[in-house]
Engineer: 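Quick one: the structure is below, and I'll ask about it shortly.
Everything numeric in this text was worked out from a predicted model, so none of it was measured. Numbering of ligands and ligand atoms starts at 1, following listing order.
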Amino acid sequence: MTHFDAGPLTEPELGQRSPDFDPEFVAKLAQLIEWRRDVRRFRRDAVEPDLIERLLDLAQLAPSVGNSQPWRWVSVDSPQMREKIHQNFVAANAKAAATFQGDRAALYARLKLEGIDVAPRQFAVFCDRGTQQGAGVGCKTMPETLDYSVAAMIGTFWLAARAEGLGIGWVSILDPDQAKADLQVPERWKLIAYLCVGWPVEEHAVPELVRFGWQDRTQAGRFVTSR
Ligand SMILES: Cc1cc2nc3c(=O)[nH]c(=O)nc-3n(C[C@H](O)[C@H](O)[C@H](O)COP(=O)(O)O)c2cc1C
C-alpha cells in the first residue's frame with residue numbers, strides 16, 4: 001500500500017503550483033538587491049498610506065522563528081515625538097563621534113547617518129520578546145532568534161519598498177531605553193530599528209558609506225569555510 005492509498009491528499013501534502021519566476025524576473029530581482037540602498041536624504045513628499053499598508057502586508061510574509069512574527073510597529077508621527085527621537089540621535093551620535101580620532105573623526109562628522117528631520121514616514125520597530133505566538137518553537141535554545149526574525153522582516157520590507165522606488169533608512173544610533181521610554185511601549189519590547197521611509201532624493205548603486213570613503217565593500221563575508 002502506498003502513501004497515496006490513504007485517501008485524498010491534504011493541501012500541505014499536495015503543494016501548490018508556484019508562479020513562474022522566469023529568467024527576466026530573476027535578473028530584475030538581482031537588480032533590486034543591487035539597487036537597494038540605505039537612504040538618508042528624502043524628499044518631503046508624502047507617501048500614500050495605501051502603499052505603506054501594502055508593504056506592511058508583504059512584510060507579514062517574512063520568515064520568523066516558530067512563525068512567531070514578533071515584530072511590532074510604532075508609527076512615529078507627531079513633530080514632538082520626532083523631535084525627541086532626533087534629540088536622542090544627536091546625543092547618541094555625539095557619543096559615537098567622540099570614539100574616533102583624527103581623520104576618522106573629521107570624516108565621521110561629515111557622514112549623514114539619519115533622515116529623521118525630513119522623512120515623511122518614520123517607524124520604530126520592536127521585537128515582542130514575550131510573544132506567545134509560535135509557542136516557543138525554535139527559540140528555546142536561542143531566544144535571540146526572535147530579534148533576528150524582526151531583522152529578517154525588515155529586510156523583506158526594505159526590498160519590497162525599494163521595488164516601489166521607496167527609500168528606507170535604518171537608524172540605530174539611538175539610546176534604546178530612552179526611545180522605549182519616549183514611545184511608551186511595553187517593557188518586554190526590544191527596539192530593533194528606527195526606520196525612516198520616504199522618496200529618495202537620489203538613486204545609487206553604491207552605498208553612501210562607500211561613496212564617502214568611510215568603508216568599502218569587501219569579500220570578507222564571501223568566503224565559505226568547509227568542515
Ligand atoms: C542593523 C543596521 C543598522 C544600521 N544603522 C544605521 C544608522 O544608524 N545610520 C545609518 O546611516 N545607516 C545605518 N545602517 C545602514 C548601513 O550603513 C548600510 O546598510 C551600509 O552602509 C550599506 O549600505 P546600503 O544599505 O546602502 O547597501 C544600518 C544598517 C543595518 C543593517
Engineer: Is atom 20 (C) of ligand 1 close to the protein, meaning a heavy atom under 4.0 Å from it?
Structural biologist: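 No; the ligand atom in question lacks any protein heavy-atom contact below 4.0 Å.
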
Engineer: Which ligand 1 atoms does V171 reach within 4.0 Å, using its non-hydrogen atoms?
Structural biologist: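 The atoms of ligand 1 under 4.0 Å from a heavy atom of V171 are 7 (C), 8 (O).
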
Engineer: Which protein heavy atom lies closest to atom 23 (O) of ligand 1, and at what distance to 0.1 Å?
Structural biologist: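 So the nearest neighbour among protein heavy atoms is P207 CB, 3.2 Å.
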
Engineer: Within ligand 1, which atoms have a heavy atom of I173 less than 4.0 Å away?
Structural biologist: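 Counting atoms of ligand 1 from 1, those under 4.0 Å from I173 are 8 (O).
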
Engineer: Would you say the ring centers of W71 and F157 fall short of 6.0 Å from each other?
Structural biologist: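 When the ring centroids of W71 and F157 are compared, they turn out to be at least 6.0 Å apart.
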
Engineer: Nearest non-hydrogen atom to atom 25 (O) of ligand 1 belongs to which of E34, E208, R36?
Structural biologist: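 Minimum heavy-atom distance to atom 25 (O) of ligand 1 goes to R36.
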
Engineer: For L209, take its heavy atoms, then give the atoms of ligand 1 lying under 4.0 Å from any of them.
Structural biologist: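 Taking each heavy atom of L209 in turn, ligand 1 has 17 (O), 21 (O) under 4.0 Å.
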
Engineer: When you measure from the centre of the six-membered ring of W158, is the NZ or CZ of R36 under 6.0 Å away and within 45° of the axis?
Structural biologist: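 Satisfied, under 6.0 Å and within 45°.
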
Engineer: Return the closest protein heavy atom for atom 7 (C) of ligand 1 as residue, atom name and distance.
Structural biologist: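 Closest protein heavy atom to atom 7 (C) of ligand 1: W170 O, 3.1 Å.
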
Engineer: Please report which non-hydrogen protein atom sits nearest to atom 5 (N) of ligand 1, along with the residue it belongs to and the distance in Å to one decimal place.
Structural biologist: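 Going by distance alone, atom 5 (N) of ligand 1 is nearest to S172 OG, 2.7 Å.
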
Engineer: As an exercise, identify every atom of ligand 1 less than 4.0 angstrom from a heavy atom of R37.
Structural biologist: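 It comes down to these atoms of ligand 1: 24 (P), 26 (O), 27 (O).
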
Engineer: Counting only heavy atoms not in Q31 (residues, nucleotides, ligands), do more than 12 fall under 6.0 Å from its CD?
Structural biologist: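 Counting other residues, nucleotides and ligands, CD of Q31 exceeds 12 neighbours.
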
Engineer: Could you check whether atom CZ of R211 has more than 12 heavy atoms from other residues, nucleotides or ligands sitting under 6.0 Å from it?
Structural biologist: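 Check passes, neighbour count above 12.
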
Engineer: Just wondering, are more than 12 heavy atoms of other shown residues or ligands nearer than 6.0 Å to NZ in K140?
Structural biologist: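 Counting neighbours around NZ of K140, 12 or fewer heavy atoms of other residues, nucleotides or ligands fall under 6.0 Å, so no.
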
Engineer: Output the distance between atom CE (M142) and atom OH (Y148), rounded to the nearest 0.5 Å.
Structural biologist: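 With rounding to 0.5 Å, CE (M142) is 5.0 Å from OH (Y148).
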
Engineer: What residue and atom, counting heavy atoms only, is the protein's closest point to atom 12 (N) of ligand 1, and at what distance?
Structural biologist: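 Nearest protein contact, heavy atoms only, for atom 12 (N) of ligand 1 is R40 NH2, 3.2 Å.
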
Engineer: Checking a contact table here: which protein heavy atom is nearest atom 18 (C) of ligand 1, and how many Å away?
Structural biologist: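 Its nearest protein heavy-atom neighbour is D38 CB, 3.9 Å.
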
Engineer: Evaluate whether atom CD of E187 has more than 12 neighbouring non-hydrogen atoms of other residues, nucleotides or ligands under 6.0 angstrom away.
Structural biologist: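 Counting other residues, nucleotides and ligands, CD of E187 stays at 12 neighbours or fewer.
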
Engineer: Considering only non-hydrogen protein atoms, determine which one is nearest to atom 10 (C) of ligand 1 and report residue, atom name and distance to 0.1 Å.
Structural biologist: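 Checked against all protein heavy atoms, atom 10 (C) of ligand 1 sits closest to L113 O, 3.4 Å.
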
Engineer: Compute the centroid of each ring, for W214 and then for Y108, and state whether the two points are separated by less than 6.0 Å.
Structural biologist: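 Yes, they do, as the ring centres are separated by less than 6.0 Å.
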
